[in-house]
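We name chains A, B, ... by the order of the sequence lines, and we start the count at 1 in each one. In this text, all values refer to a predicted model and were calculated from it rather than measured experimentally.
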There are 2 protein chains.
Amino acid sequence: MGISERKEREKEQRRNDIVDAAEKVFFKKGLNNSTMDEVAEEAELSKGTLYLYFKSKEEIHFEIKSRALIILKKMFHKSISENKTGFENCAEIGKAYVDFVKKHSNYYKAIIHFESSDCSICEFRDKCEDFFKEDNPLEFFVQIISKGIADGTIRSDISANVLAQTLWAQTNGILQFVSTKQKIIEFAGVKAEDIINSQFEIIKKGIKNK
Amino acid sequence: MGISERKEREKEQRRNDIVDAAEKVFFKKGLNNSTMDEVAEEAELSKGTLYLYFKSKEEIHFEIKSRALIILKKMFHKSISENKTGFENCAEIGKAYVDFVKKHSNYYKAIIHFESSDCSICEFRDKCEDFFKEDNPLEFFVQIISKGIADGTIRSDISANVLAQTLWAQTNGILQFVSTKQKIIEFAGVKAEDIINSQFEIIKKGIKNK
DNA sequence: ATAAAATATGACTACTGGTCATGTATTAAA
DNA sequence: TTTAATACATGACCAGTAGTCATATTTTAT
């Protein structure tokens, strides 16, 4: 029987609608200035219904972050030129990330939020698994690093897994810094661009083989 | 007359007492689970009085972060061996930062909080200036980098200012990652230590001259 | 047609950051 | 010493909001 399947689809659809509504509200007014009542109104549902589909405001926000990661992963994929070396691919991915932050700064803020807090949501085993499944750009990055190690363009004394996580965390630090500390950066008489370029230069030297 | 000065001192003292109390409460229960009433009780003052000395809960938290930066800066200073090269000093500072996070994880959380949010408190010009004054470890780091460029042990194609900010932001990314994502890291079968070592290795290669 | 299950509602509660009218202590002036 | 003025302290109170739950409606199964 297809009824339960249809119901499942509808439920999924409604979850999506709620996230759509939340996105509009959160992106417009910021997470902390948005209320669940506003989200409910935007979704044309009652507040109680939101809690039928999500455990908390934070969980909706987490869903937005998941969307962000999906978009980011797609941009990573698109950025790759198959005929280039793993090392060159790495630079392409880096550029794609910078691009993503420029184009989708609101989505990036959602990523920052969950990168910088040991969110209770992530405490569940299955959410950890999520982190390394479809959603996550990191897994793809590991592949590219592996390719670079295999083709001899990336240093081989650090495992692909560790290297990928290191670069991911580092780069998040940089992007977080330039996207939340603009005033301090300009006060110091530096340009965000310079910091990003500097990051690329350091990494290039830092991971190149020999 | 010394009266107004004494009053000034007393006021400063009281501010400190309040921050002491807040620290106890925040560190024990976490910022979000702590209430101003609890802080008031711990400080043996009424809640209204807290607001005579601080504009908001966030401002008290900001003060805790400032303390964290002072401690960190001291550890940076202590870590330096005068007779070594700028390049070697950089590694010492890096180690000192890792040390700080281990020893003072609560203080580090306060730093993370303000590194990862474009906090409204920092919007004022004078707070930006603070960022580069007594409190801030970054200024000292710039000096060390400059030393390294001068003694030829650190690459000179990136300005000391830019390089320092880049490394600072990067390293924050790493430390934030390992201190908030332990579960994900271990789930991936990696050790936090490995990521930190990997970071050091990349940076060493990345900033060494020639 | 009817019972049961699933879904939706919005008034309500609990909590908490921040305020403010009302003190009380301290200092300056008469 | 008395009085006025200023600075400091208080806690009952307010406003805003995440999350709940008894009730109502719709959908499905019998």
Side-chain angles (χ1 to χ4, degrees), chain A residues 1-26 28-64 110 113-114 117 119-121, chain B residues 1-26 28-64 110 113-114 117 119-121:
Chain A
M1 71 160 60
I3 284 179
S4 67
E5 284 152 22
R6 193 205 66 206
K7 283 222 153 194
E8 201 50 48
R9 268 203 318 278
E10 278 175 0
K11 205 164 175 173
E12 193 56 37
Q13 182 57 48
R14 177 136 290 186
R15 263 182 77 95
N16 266 316
D17 293 344
I18 292 173
V19 178
D20 284 342
E23 232 177 64
K24 271 187 202 153
V25 178
F26 292 175
K28 187 173 179 185
K29 311 186 62 180
L31 180 71
N32 290 326
N33 296 318
S34 304
T35 69
M36 289 299 270
D37 283 298
E38 289 171 311
V39 174
E41 171 149 25
E42 179 69 41
E44 295 176 317
L45 288 169
S46 74
K47 183 158 66 158
T49 305
L50 301 188
Y51 286 90
L52 243 51
Y53 291 86
F54 294 93
K55 235 176 55 263
S56 64
K57 187 183 181 184
E58 187 76 350
E59 193 170 286
I60 297 181
H61 197 213
F62 187 84
E63 206 57 37
I64 294 176
H113 179 88
F114 288 97
S117 70
C119 67
S120 50
I121 290 175
Chain B
M1 71 159 61
I3 285 178
S4 67
E5 284 153 21
R6 191 206 67 207
K7 283 223 152 190
E8 200 50 47
R9 269 203 317 279
E10 280 175 359
K11 207 165 172 171
E12 193 56 37
Q13 182 57 48
R14 178 137 289 186
R15 263 183 78 95
N16 266 317
D17 293 344
I18 292 173
V19 178
D20 285 342
E23 232 177 65
K24 271 187 202 152
V25 178
F26 292 175
K28 188 172 179 184
K29 313 184 62 180
L31 181 71
N32 289 327
N33 295 319
S34 304
T35 69
M36 289 299 269
D37 283 299
E38 289 171 310
V39 173
E41 171 149 27
E42 180 69 41
E44 294 176 317
L45 288 169
S46 73
K47 182 159 67 160
T49 304
L50 301 188
Y51 286 91
L52 245 48
Y53 291 86
F54 295 93
K55 237 178 51 263
S56 65
K57 187 183 182 185
E58 187 77 351
E59 192 169 287
I60 297 180
H61 197 215
F62 188 84
E63 205 60 35
I64 294 175
H113 179 88
F114 287 98
S117 70
C119 67
S120 49
I121 289 176

Rounded to whole Å, how long is the line connecting atom CD of B/Glu58 with atom P of C/dT16?
17 Å
Contact nearer the 5' end of DNA chain D, comparing A/Gly48 with A/Met36
A/Met36
For the CG atom of A/Leu52 and the NZ atom of A/Lys47, what is their distance to the nearest 0.5 Å?
14.0 Å
Take the protein atom CD of A/Glu44 and the nucleotide atom C1' of C/dT9, then report the distance between them rounded to whole Å.
15 Å
Below 3.5 Å, does any donor atom in the side chain of A/Lys47 face an acceptor in the base of D/dG19, or the other way round?
yes
Over how many whole Å does the gap from A/Ile18 atom CD1 to C/dT7 atom C1' extend?
12 Å
B/Asn32 has an atom CG; how far is it from atom C1' of D/dT17, in whole Å?
15 Å
Could you tell me whether A/Thr49 contacts a base, only the sugar-phosphate backbone, or nothing, with contacts defined as non-hydrogen atoms closer than 4.0 Å?
base
Which part of the nucleic acid does A/Leu45 contact within heavy-atom distance under 4.0 Å: base, sugar-phosphate only, or nothing?
sugar-phosphate
Looking only at the side chain of B/Leu52 (C-beta and beyond, no hydrogens), which of the listed nucleotides D/dT17, C/dT9, D/dA9 gets closest?
D/dA9
Reckon A/Phe54 touches a base, only the sugar-phosphate, or nothing at all at heavy-atom distances under 4.0 Å?
nothing
Quick one: B/Leu50 CG to D/dC8 P, roughly how many Å, whole number?
16 Å
Is the phosphate of D/dT10, meaning OP1 or OP2, less than 4.0 Å from a side-chain N or O of B/Tyr51?
no
Identified salt bridge (Lys or Arg N to Asp or Glu O under 4.0 Å) counterpart of A/Lys24 within the set A/Glu42, A/Glu38, A/Glu41:
A/Glu42
Of the candidates D/dA18, C/dT16, D/dG19, the side chain of B/Thr35 sits closest to C/dT16
What residues, two or more places apart in sequence or in another chain, satisfy salt bridge (Lys or Arg N to Asp or Glu O under 4.0 Å) together with B/Lys28?
none
What nucleotide, of D/dG19, C/dG18, D/dC8, holds the atom closest to the side chain of A/Lys57?
D/dG19
With rounding to the nearest 0.5 Å, note down the distance linking NZ in B/Lys57 to CZ in B/Phe26.
5.5 Å
When you get a sec, tell me which of D/dA18, C/dG18, C/dA8 is the closest nucleotide to the side chain of A/Arg14?
C/dA8
In whole angstroms, the gap separating P of D/dA7 from OH of B/Tyr53 amounts to 13 Å
Rounded to whole angstrom units, what separation is found between the CG atom of B/Asp37 and the P atom of D/dC13?
15 Å
Round to the nearest Å and state the distance from A/Asn33 atom CG to D/dA15 atom P.
19 Å
The criterion is side-chain contact (heavy atoms from CB on, under 4.5 Å); which residues satisfy it with A/Ala110, sequence neighbours excluded?
A/His61, A/Ile64, A/Lys65
Can you tell me which nucleotide in D/dG11, D/dC8, C/dG17 comes closest to the side chain of B/Ser46?
D/dG11
